[in-house]
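This report concerns only the one structure given below.
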2 protein chains.
Amino acid sequence: MSEVAATGISVLLVDDHPIVRQGYRRVLESQGDLHVVAEADNAADAYGAFKAHDPDVVLLDISMPGASGLEAIRNIRARSPRARILVFTMHNEAVLVKAAFGAGASGFVTKSSEPSAVVGAIRAVARGERAMSDDIAHILAEDSLSAGSALDQLGEREIEILRQFAGGATTEQIAAHLNLSVKTVQNYHYLIKTKTGARTDAQLVRLAATCGLTRI
Amino acid sequence: MSEVAATGISVLLVDDHPIVRQGYRRVLESQGDLHVVAEADNAADAYGAFKAHDPDVVLLDISMPGASGLEAIRNIRARSPRARILVFTMHNEAVLVKAAFGAGASGFVTKSSEPSAVVGAIRAVARGERAMSDDIAHILAEDSLSAGSALDQLGEREIEILRQFAGGATTEQIAAHLNLSVKTVQNYHYLIKTKTGARTDAQLVRLAATCGLTRI
DNA sequence: TTGCAGCTCGGGCAAATTTCCCAAGCCGGA
DNA sequence: TCCGGCTTGGGAAATTTGCCCGAGCTGCAA
C-alpha cells in the first residue's frame with residue numbers, strides 16, 4: 001500500500017479542470033516529497049482512483065459538477081476509513097466546512113491560501129493531523145461563537161421545510177402544503193438558518209443542494 | 001514594446017488564487033515559447049501590471065472578487081486597444097461569453113479545456129486571432145439557435161450581482177465588493193427577481209445554478 | 001409516577017428587508 | 001438631438017426577519 005510514505009507523500013488529485021490539475025501537479029511535485037500518483041475529474045472516478053493507488057492524501061475540490069464532493073468524501077471514507085482527504089476549494093462558507101469535516105475530511109484549505117500553506121496542509125494530513133487554512137479557522141471560530149451545527153441537527157419537520165424551500169416553494173405554499181400557519185413556516189425558516197449557520201437564503205439552498213436534499 | 005514576440009510570447013496572469021497562478025505559470029513556461037512576465041490577483045492591479053510589462057497576452061480569470069473582470073477588460077482595452085485579452089474561467093454561460101467579447105476580449109477558454117487547448121488559444125490571440133474553446137463554441141452556437149435563457153434579459157451588473165448572491169454573499173458583502181450602496185444592491189435584487197420571474201430567493205439560486213452562473 | 005427534554009406549533013413586536021415608484025446621469029443608436 | 005436602456009440611489013408602505021415567548025405533545029428515564 002502506502003510504501004511510498006517512507007520516500008514521500010503520494011497524492012490523488014481530484015478537480016474537474018484539467019489545466020488546474022496539471023498546475024497543481026507541477027506545484028506539488030516541485031516540492032520533492034510530494035508525488036501525484038493519480039488524477040480524477042469527478043466524484044465518481046475519485047473512489048476508483050483511490051482504490052487503485054491508495055494515496056496518502058486525496059486533494060479534493062468539492063465544487064464539482066455532477067455528484068457532490070461531499071458524497072465523494074463519504075464514499076471514500078466509508079470504504080477506507082484510513083483515507084486522508086484534504087478539501088481544497090474556493091468556497092469558504094462555514095456550513096460547507098463543517099459539512100466537509102462531518103463527512104470525514106481531514107483538512108480544508110481555500111484556494112486563496114499561499115501555495116506553501118497548501119503544501120503544509122498536505123504534509124499535516126499525511127501525518128494524520130487535522131489541517132485548515134487560516135481563513136477557514138477564522139470563519140469556523142466566528143461561526144462557533146454564534147451558531148450551532150450542520151444539517152443533521154435538523155428535525156424531521158425542519159428537513160421537510162428546508163427541502164420545499166430549497167426547491168423553490170414560497171412560504172405560503174409550504175404552509176398550505178403542510179397545513180401550517182405562515183408564521184410557523186417563517187419560524188422554522190429562521191430556526192433552520194440559525195441551526196445550520198447559514199446567513200442567507202442562498203447559502204441555505206446551497207447547503208440543501210450539497211447535502212443532496214434537493215436537486216438543481 | 002512587445003519585442004519579446006520574436007523570441008516568444010509574454011503573458012500577464014490575472015487570477016485571485018495564488019496557487020492557481022503558480023500552477024498556470026509552470027504549465028505555460030514548460031511550453032518554451034510562453035513567458036509569464038507578471039501576475040495580478042485582482043482587477044485593479046491588472047492594469048498597472050499591464051502598463052508596466054506590456055505583455056503580448058493577458059490571461060484573465062473573470063470570476064474574481066471585487067471589481068468585475070469585465071471591467072478589467074474594458075479598463076485595459078480602453079487604454080491599450082492593442083491589448084490581447086484571453087478570458088480563462090470555469091464559467092461557461094453564453095451571456096458571460098458574449099459580455100466578455102463585447103467588453104473587448106480576444107478569446108474565451110474554460111478551465112475544463114485541455115492544457116494544450118489553452119496554450120493553443122494563447123498563441124492564437126497573440127497572433128491577433130480570435131480564440132475560444134470547443135465547449136464555448138458549442139454553447140454560443142446553441143445559444144444563437146435558442147430563444148435565449150432567462151438570464152439574457154439581465155444586464156452585466158445584474159449578472160454579477162446575481163452570481164455573488166447565488167454564491168451565498170449577503171447584500172452588505174456584495175455592496176462592499178462592488179462599491180455600491182446597500183440600497184442599490186437591494187434594488188438590483190428586486191429587479192433581477194422581476195426580470196427572471198423568480199418569486200423567491202431560492203428560485204433565483206436555482207436559476208443561477210441551472211444557467212451555469214454558479215456552481216453548487 | 002413525576003419530571004425532564006425535545007419536537008411541533010404559533011403569537012408578539014421591533015428591526016430589517018422587500019416591493020414598488022421615481023429621478024438623474026451616462027452612453028449608444030436612430 | 002432625442003429616445004431608450006443601464007446604472008445608481010432615494011422614499012415609503014408592506015412584508016418578512018430576528019428573536020423572544022408559551023403550550024401541547026411525545027418519549028424516556030429516574
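Labels below follow one simple rule: chain letters A, B, ... track the order of the sequence lines, proteins then strands, and each chain is numbered from 1.
Within the 4.0 angstrom heavy-atom criterion, base atoms lie near A:Thr184. The residue A:Glu160 sits apart from the nucleic acid: no heavy atom pair falls under 4.0 Å.
At whole-Å resolution of the value, OH in A:Tyr188 and P in C:dC9 are 4 Å apart. Atom CD of A:Gln186 and atom P of C:dA16 are 18 Å apart (whole Å). Rounded to whole angstrom, the span from the CZ atom of B:Arg157 across to the P atom of C:dG25 amounts to 19 Å. Whole-Å rounding puts the B:Ile174 CD1 to D:dT7 P distance at 15 Å. Rounded to an integer number of Å, the gap from CG of A:Asn179 to C1' of C:dC9 is 12 Å. Atom-to-atom, NE2 of B:His189 to P of C:dA16 comes out at 18 Å; the value is rounded to the nearest Å. Spacing between atom CG of B:Leu191 and atom C1' of C:dC22 amounts to 14 Å, rounded to whole angstrom units. Taking atom CD1 on A:Ile159 and atom C1' on C:dT8, their separation rounds to 15 Å, with Å as the unit.
Closest non-hydrogen pair, B:Pro55 versus B:Val58, comes out as CG-CG2, 4.2 Å. In plain terms, the two heavy atoms of A:Gln203 and B:Gly168 that are nearest each other are NE2-O, 2.7 Å.
Between B:Tyr24 and B:Phe88, the distance separating the two ring centers is shorter than 6.0 angstrom.
With a 6.0 Å cutoff to the six-membered ring centre and a 45° limit on the axis angle, A:Arg130 does not count as a cation-pi contact of A:Phe108.
Put simply, the side chain of A:Asn187 and the base of D:dG18 share no donor and acceptor less than 3.5 Å apart. With hydrogens and angles left out, the side chain of A:Lys183 and the base of C:dG12 share a donor-acceptor pair within 3.5 Å.
Proximity note for B:Leu180 (side chain, C-beta onward) versus D:dT16, C:dT19, D:dT8: the nearest is D:dT8.
The phosphate of D:dG9 has OP1 or OP2 within less than 4.0 Å of a side-chain N or O from B:Ser181. When the side-chain nitrogen and oxygen atoms of A:Lys193 are compared with OP1 and OP2 of D:dG18, one or more of them lie within a distance under 4.0 Å. An OP1 or OP2 oxygen of C:dT19 is reached within less than 4.0 angstrom by no side-chain nitrogen or oxygen of B:Tyr190.
In the model, B:Glu29 has no side-chain atom that pairs as donor or acceptor with a side-chain atom of B:His35 under 3.5 Å.
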